[in-house]
Structures are given as structure tokens and as C-alpha cells.
Number of protein chains: 2
Amino acid sequence: MESSVQDNIRSQMRKGLVEYCILNMLARKESYVSEIIEELKDADMIVVEGTLYPLLIRAKNQGLLSYRWQESPQGPPRKYYFITEEGRKVLACMDGIWTGIINSVDKIRRGE
Amino acid sequence: MESSVQDNIRSQMRKGLVEYCILNMLARKESYVSEIIEELKDADMIVVEGTLYPLLIRAKNQGLLSYRWQESPQGPPRKYYFITEEGRKVLACMDGIWTGIINSVDKIRRGE
DNA sequence: ATAACTACCTTGTATTGCAAGATATTTATA
DNA sequence: TATAAATATCTTGCAATACAAGGTAGTTAT
């Protein structure tokens with residue numbers, strides 16, 4: 001199935017990071033899957049449904065997110081996810097981790 | 001076995017990134033496992049043997065790295081890894097991917 | 001009725017990081 | 001000569017995530 005080293009790296013580098021991005025988005029405003037995917041695409045961060053649904057369920061089970069149903073102007077009802085207080089705490093922690101990772105990579109790239 | 005959400009996130013965020021860091025280090029000078037681990041630790045990027053050995057073998061099999069044996073002043077001989085021309089090409093590509101990821105996360109954090 | 005659209009969700013695979021081991025060489029010491 | 005310590009190498013099994021490729025169901029227009 002021909003997958004280049006580069007494609008794989010791109011995928012691997014994003015492990016865990018997608019959750020961080022989604023918590024960030026939902027910390028600003030609640031949203032549902034299709035809309036989340038569109039907004040991530042606008043930021044050049046492609047994510048597909050098969051990634052997003054399990055992620056949202058995991059985050060909900062961990063108490064980081066919650067959701068509510070809402071009628072759609074057209075089509076079936078939408079499941080709007082929003083961040084919880086616990087989610088905001090974890091997000092703040094993730095901010096520190098992300099900053100730390102950027103600093104570490106930078107040190108290594110510059111040769112310490 | 002008590003593992004916090006934060007510990008997990010830290011681990012996941014680093015998927016793929018460790019390879020990028022090691023290619024960067026080996027692009028500057030050849031090195032062997034214990035030394036690589038020490039230098040990563042100096043940059044606050046903790047990596048253990050069980051992570052590093054499989055990674056180096058994979059990168060060698062992909063043609064990104066090669067190695068040579070060298071006697072040690074004390075103890076068993078060391079396996080010095082160094083980057084190949086192909087490895088440098090992939091590293092250049094990964095630079096772009098990493099920069100792109102930082103930009104994407106930044107956009108999302110700022111609210112697009 | 002039926003098709004198109006939108007929304008939901010699941011299953012199986014590939015990949016990686018890590019804990020917890022095992023094995024082998026050299027050197028110092030009892 | 002044993003034996004312990006230090007320094008290397010490497011493997012196995014598990015947990016976690018991203019993705020491809022599916023499936024189900026409600027709403028609306030033809």
C-alpha cells in the first residue's frame with residue numbers, strides 16, 4: 001500500500017497532539033464533529049472521523065468533555081461537545097507540556 | 001497502576017518526535033545509545049533504551065541511519081550510529097513538517 | 001418511494017513508547 | 001581464580017492513538 005516515510009512521520013508526530021488541539025477549540029466554543037473537522041482543516045490540521053469519534057468518547061469518559069443534543073436546521077440532530085472544568089485544568093497542564101516539547105526540540109536542533 | 005491523563009498525554013505527544021530529535025542529533029555527530037540518551041536528557045527529553053533500540057533499528061532498515069563498531073576505552077565495544085544522505089533528505093522534510101505542526105497548533109490556540 | 005445529504009458510530013490494522021526483563025564484554029577486587 | 005560492578009548490547013509484551021473503510025439513521029427534495 002505504498003506509504004512513504006514522510007507520511008508516516010507526519011501521522012506519528014501528531015499522536016496526542018490532536019486531543020490538545022480539540023480541547024483548545026472546545027475551550028473557546030462548543031462544537032460538533034463535522035464543524036470541528038472543518039475548523040481543523042482551516043488550520044491545515046487534517047483529521048478524519050475515524051480519529052475524532054473515539055477521541056471525543058475517550059475525553060468524555062475521562063471527564064474532560066461533555067455534550068448536549070441540539071436540533072439541526074437541516075438533517076439529523078447534532079451532538080455538541082463542550083469542555084468541562086476538569087478539561088480546562090488538563091488543558092492548562094497540556095499547555096505546559098507542549099511548550100516544554102517545543103523548547104526541547106529547539107535545544108536539540110540548535111545542538112544544545 | 002495509576003497513570004494520570006497528563007503522563008499519557010506527554011507520552012503520546014512525543015510519538016514520532018523522538019525520531020526527529022535523534023536524526024537531528026546524529027546529523028551533527030555520530031553517537032551510541034547511552035550517549036544519545038544522556039544528551040536527550042540534557043534537553044529535558046527523557047528517552048529509555050526500550051524506545052531507542054527499536055527506533056535505531058527501524059531507521060537503519062529504512063536507510064536513514066548506518067553504524068560502525070568502535071572499541072570503548074572501558075567496557076564492551078560501542079555501536080556508533082550516523083546519518084546517511086537519505087537520512088538527511090528525510091530530516092529536511094521533517095523540519096518542514098515540524099514547523100507546519102507548530103504553526104497549526106498556534107493558529108488553533110489563537111482561535112484561527 | 002427513492003435519492004441525496006448530513007449526521008452519527010464501529011472495526012481492524014499499523015505504528016510507536018515504555019516497562020521489565022535478558023545477554024555479553026571489560027575491569028577491578030577478594 | 002572467582003566474582004562483582006560497570007558498561008554495553010538487545011528483546012518481549014503491553015498500552016495507546018491515527019486512519020482506512022466500512023455501517024446506521026434522520027431529514028428533505030424529487
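Order of the sequence lines fixes the chain letters, A, B, ..., with proteins taken first and strands second; residue numbering starts at 1 for each chain.
Annotation: B/R110, atom CZ; neighbour count of heavy atoms from other residues, nucleotides and ligands within 6.0 Å does not exceed 12.
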Assess whether side-chain contact (heavy atoms from CB on, under 4.5 Å) is satisfied between B/L64 and B/L91, documenting all intermediate values. CA-CA 9 Å; B/L64 310 184; B/L91 177 55; over 6 Å; no

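Closest contact between the side chain of A/P77 and the listed nucleotides D/dA18, D/dG26, D/dT9 involves D/dG26. Nearest to the side-chain atoms of B/E19 among the listed nucleotides C/dT16, D/dA18, D/dT9 stands C/dT16. Relative to the side chain of B/V48, the nucleotides D/dG26, C/dA19, C/dT16 differ in distance, and C/dA19 lies closest. Looking at the side chain of B/P76, the nearest of the listed nucleotides C/dT25, D/dT9, C/dT16 is C/dT25. Comparing C/dA7, C/dA24, D/dC10 by their nearest atom to the side chain of A/R78 picks out C/dA7.
Distance CD (B/E38) to C1' (D/dA6): 14 Å, rounded to an integer number of Å. The CG-P distance, from A/L17 to D/dT17, rounds to 13 Å in whole Å. To the nearest angstrom, C1' of C/dT25 lies 15 Å from NZ of B/K79. Atom CD in B/E35 sits about 14 Å away from atom C1' in D/dT7, given to the nearest Å. In this structure, the OH atom of B/Y32 is 7 Å from the P atom of D/dT9, given to the nearest Å. A straight line from CD1 of A/I36 to P of C/dA7 spans 12 Å, rounded to a whole angstrom. If you take CD1 of A/I37 and P of D/dA18, they are 13 Å apart, rounded to a whole angstrom. What separates CD of B/E49 from C1' of D/dT9 is a distance of 8 Å, to the nearest Å.
For D/dT7, neither phosphate oxygen OP1 nor OP2 lies less than 4.0 angstrom from any side-chain nitrogen or oxygen of B/S34.
Residues A/Y81 and A/Y67 are in side-chain contact: their nearest non-hydrogen atoms beyond the backbone lie under 4.5 Å apart.
At least one donor-acceptor pair under 3.5 Å links the side chain of B/S104 to the backbone N or O of A/A43. A donor-acceptor pair under 3.5 Å is formed between the side chain of A/T84 and the backbone N or O of A/G63. The backbone N or O of A/I102 sits nowhere less than 3.5 Å from a side-chain atom of A/D106 that would complete a donor-acceptor pair.
Under a 4.0 Å N-O distance rule, the pair A/R109/B/D95 qualifies as a salt bridge. Using a 4.0 Å cut-off between a side-chain N of Lys or Arg and a carboxylate O of Asp or Glu, B/E30 and B/R68 qualify as a salt bridge.
Within residues 51-75 of chain A, the residues approaching DNA chain D are A/T51, A/L55, A/R58, A/G75, by heavy-atom distance under 4.0 Å.
Relative to the ring axis of B/Y32, B/K79 does not place its NZ or CZ within 45° and under 6.0 Å from the centre.
A rotation axis mapping the C1' atoms of four pairs onto the next four is fitted at both ends of the helix from C/dA1-D/dT30 to C/dA30-D/dT1 over five pairs, and the angle between these axes is 20° to 10 degrees.
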